[in-house]
Amino acid sequence: MSDKLKAAKPAEPNAAQQSTELSGNRFSGFARELVTGNALIPVLAVLASFLVGGILIAFSNESVQTASAYFFARPGDTFQAIGQAVFGAYDALFRGSIYNYQAGNFSDGILSLTQTLAYATPITIAGLGLAVAFRSGLFNIGGTGQIIVGAVGSTVIALYVPIWPGPLHFIVAVLAGILGGAIFGGFVGFLKATTGANEVIVTIMFNYVAAFALHYSLTTWLKAPLAVNPQSSPVPNDALYPLLAGDAYPLHAGFIAMLLAVAAVWWLMNRSSVGFHFKALGHNPSASKVAGININRTYFLVMAVSGALAGLAGTSQILGTEKYLGTGVAATYGFDAITVALLGRSNPLGVLAAGILFGGVRAGAVTMQANQNVPIDSVYVVQSMIVLFIAAPPLVRSIFFMPKQKEVRA
Amino acid sequence: MKALKLGAVRVPIILSVLTLITLWLAVAAPSGITTIQVNSNANSTGAAGEAFRFANITAITAQSAWISFGLTAIVTALAWWFSLTARKPSRWLSIGFGVIFVFNILISLFNGQTMTITALLHGSLSLAVPLVFGSLAGVLSERVGLVNIAIEGQLLAGAFVSALVATLVQNPWAGLVGALVAGAFVSWLLAVFAIRYVVDQIIIGVVLNVLIVGLTNFMFSTFMSSNQALFNSPPRMPSIDVPGLSQIPVLGPVFFSQSPIVYLMYFAVAGVWFALYKTRWGLRLRAVGEYPKAADTVGIKVYATRYRSVMIGGALAGLGGAFFTLGQSLAFGKEMTNGAGYIALAALIFGRWNPVYAAFAGLLFGFAENLQYSLSTVGSNVPSDFLLMLPYVLTVVLVAGLVGKVTGPAAAGKAYIKS
């Protein structure tokens, strides 16, 4: 958070020293793991997290609790109950997220996978947005607010401008969402550039502002006539993302938008000069300034791009999944996006993988709760464990009795 | 600030904008009167009898709005005069302006209603307690070089464990100890991952928040909610009247007839300030946060200092969490901290990493948050969503307008690797 503030002091005797300290922990980490044969770590991290999740599930299971009451008389019962509880839960997780083999036919069974991808869409897109900000040294906690503003933007176009022909309506609705997020995010960058306002505070505050403005809108001018709850009218069909796999599946073209966004962010950060400015800003603002980069404009651009992606995530909710605007539109996606961006190490492909992983856990958790009575909150535990373990390879190594790596702290 | 031309006139510009708002309030003022009640209704809030009672004041809303406009205009003119004659506008000018401005807004909002000052202050303090503890946790952590995004998790863990332990032991003080331990444990996790495993501090903070939310929600829905009597009915922590001080008119009952946790908060703010700025321990702590290599060179144990300071901070945040349950005699609820940790983070930055300023920032946020509750109960005619938004918008205005660029401890956010 304050490393950029720190770097703004020009006369910093140990700047070089610190930049090597920094690079040791985040950006070069992944590459180093790959070359040292550590690609196994993420797999093991996921495994370890599911182990922890299994322990939680076992503890909360009622038949385990009853069996453990007479543990010393018949210990086998307890272990059997634990096995059943954990296996049942993860079986449900698999059926809910990848393929439901109990469904009978393939077309019903694969529904789970499409649900995973549908859940993954907004998380990944918003995660990409935050990744852009992180790479540029800005900590954008405002994903929630930017998703909301994007969602409102696309809802307004979708509902109140119904006269345009076919795809135009849809395209403009999506663009309005992107624009909404970009303006809301960009404003933070503008404030930072002009007044020096800390983006962490401002984005946190704007999340609340957006949530209350959304609630106000949904109880007044955006409210559906006759609706009891604060929500908008349903979005007309011509403004919706087309469904990709027929009416039976929730997968919509927002998924395509997500893939395009991954490609676009990759290109932006790795191939474009704007992206180079972004990364330079992230590494050292004062050096960037000396090198002739307009850092104030870059602050604005970073936050606008970050917000635009969050806004796009909002459109996938409105025009794809939910099809109306409600107060819960941003759900926990803003914060999920932070975890996804961090887990993906702010690398577009990494974010995509992390987003699909989390989408799967999310989709599976619904089945897990319905079938096995495992509270959906266990997802948060598993998700955060995954990030913890991936972030700390030495911990995973010691859990799985792998040999210690030399120079872990590089 | 002097280097920037904008910086020299920043304060007058902000004040001018706000004065225009008071003008608008005066022009748009509804006809009606606002009743200002200084004391709360007889003995309804606390056991302390109030020695003095003030007569109710009635103000004609429109008139007082014009008076406020006049006063703010004068202050703004003074600020311009100071700035243009190349003198720094006194801080008191801004503070005086703020008081008039807030009072003016209060009167407009409470038009046609009764505004009870003690109730407003009392509620503000209650809402501010977790924020103040949380921001102290942040101060102790960031001053020693660890960014603490996990304040939310520390508060939530404190709230959960205090409710659980207090119920099991049937003693609120045991719950308080539990909260201390829980907060310290969460911050220990933060420290281990940040220091030992050199994980990015922001990552680990965010993740710990998610983890604690997940764990507490999970435990709440698996065993706590189904058996509230056994696990989740913490006994009340009685409020204590400080002899003498609680008899002070108006302020006494507000500040000195409170839950013991509030008194702990006073001591914590003073203690952290003293420890940071007046002791050798604090000097070393700040040295580690500014330039760990230099601190290491002169023989300060960087890692140990970091662990210790972060964990003390976490314990304080745990206390703040306990206030959600024990302080207000409430049962634990899912995600009951409701983002207070993030507001505390904002208070910490707003307070420029200084425990006393951060505490005042926390009080300010508590005041703003309380305002929305009291207005929605009296039924003000401003749409409640805008009231709810007010504290957050004001924060942005203040951060962008008055605080501007703040610089935290130099080494915060950076892992120190001993070579």
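Quantities reported herein were computed from a predicted structural model and do not represent experimental measurements. So that the names make sense, note that chain A is the first sequence line, chain B the second, and so on, each numbered from 1.
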Quick one: pull up [atom1] in [X] and [atom2] in [Y] and give me the separation to the nearest 0.5 Å.
X         : Y         : atom1 : atom2 : result
Ile343(B) : Met205(A) : CD1   : CE    : 4.0 Å
Asn198(A) : Leu348(B) : CG    : CG    : 9.5 Å
Leu215(B) : Met385(A) : CG    : CE    : 6.5 Å

Could you tell me which portion of [X] (side chain, backbone, both or neither) has an atom closer than 4.5 angstrom to a non-hydrogen atom of chain B?
X         : answer
Ala341(A) : neither
Thr220(A) : neither
Val374(A) : side chain

Got a sec: does the [atom1] of [X] have more than 12 other heavy atoms crowding it under 6.0 Å?
X         : atom1 : answer
Asn354(B) : CG    : yes
Phe190(A) : CZ    : no
Phe187(A) : CZ    : no
Tyr357(B) : OH    : no
Lys223(A) : NZ    : yes
Phe360(B) : CZ    : no

Max heavy-atom pairs within cutoff under 4.5 Å with chain A, candidates Thr222(B), Val207(B), Leu208(B), goes to Val207(B)
Any [X] side-chain heavy atom under 4.5 Å of [Y] side chain:
X         : Y         : answer
Asp377(A) : Lys334(B) : yes
Tyr342(B) : Asn207(A) : no
Leu395(A) : Phe193(B) : yes

Nearest heavy-atom contact between Val396(B) and Phe206(A) is CG2-CE1, 3.5 Å
When every non-hydrogen atom of Val381(A) is compared with those of Gly214(B), the smallest separation belongs to CG2-C, 3.5 Å
Q: Kindly determine whether Tyr380(A) and Ile212(B) satisfy side chain to side chain contact (heavy atoms under 4.5 Å, CB included), including the steps that lead there.
A: CA-CA 9 Å; Tyr380(A) 292 113; Ile212(B) 302 297; over 6 Å; no
Honestly, the part of Val206(B) sitting under 4.5 Å from a heavy atom of chain A is side chain
Honestly, the part of Ile204(B) sitting under 4.5 Å from a heavy atom of chain A is side chain
If you tally heavy-atom pairs under 4.5 Å between each of Ser378(A), Pro375(A), Ala211(A) and chain B, the highest tally belongs to Pro375(A)
Given Thr339(A), Leu388(A), Thr332(A), Ile141(A), the one with more heavy-atom pairs under 4.5 angstrom with chain B than any other is Leu388(A)
Residues of residues 52-61 of chain A with a heavy atom under 4.5 Å from any heavy atom of chain B, in residue-number order, are Leu56(A), Ile57(A), Ser60(A)
**Q.** Steps toward side chain to side chain contact (heavy atoms under 4.5 Å, CB included) verdict (Asn209(B), Phe335(A))
**A.** CA-CA 10 Å; Asn209(B) 286 343; Phe335(A) 284 93; over 6 Å; no
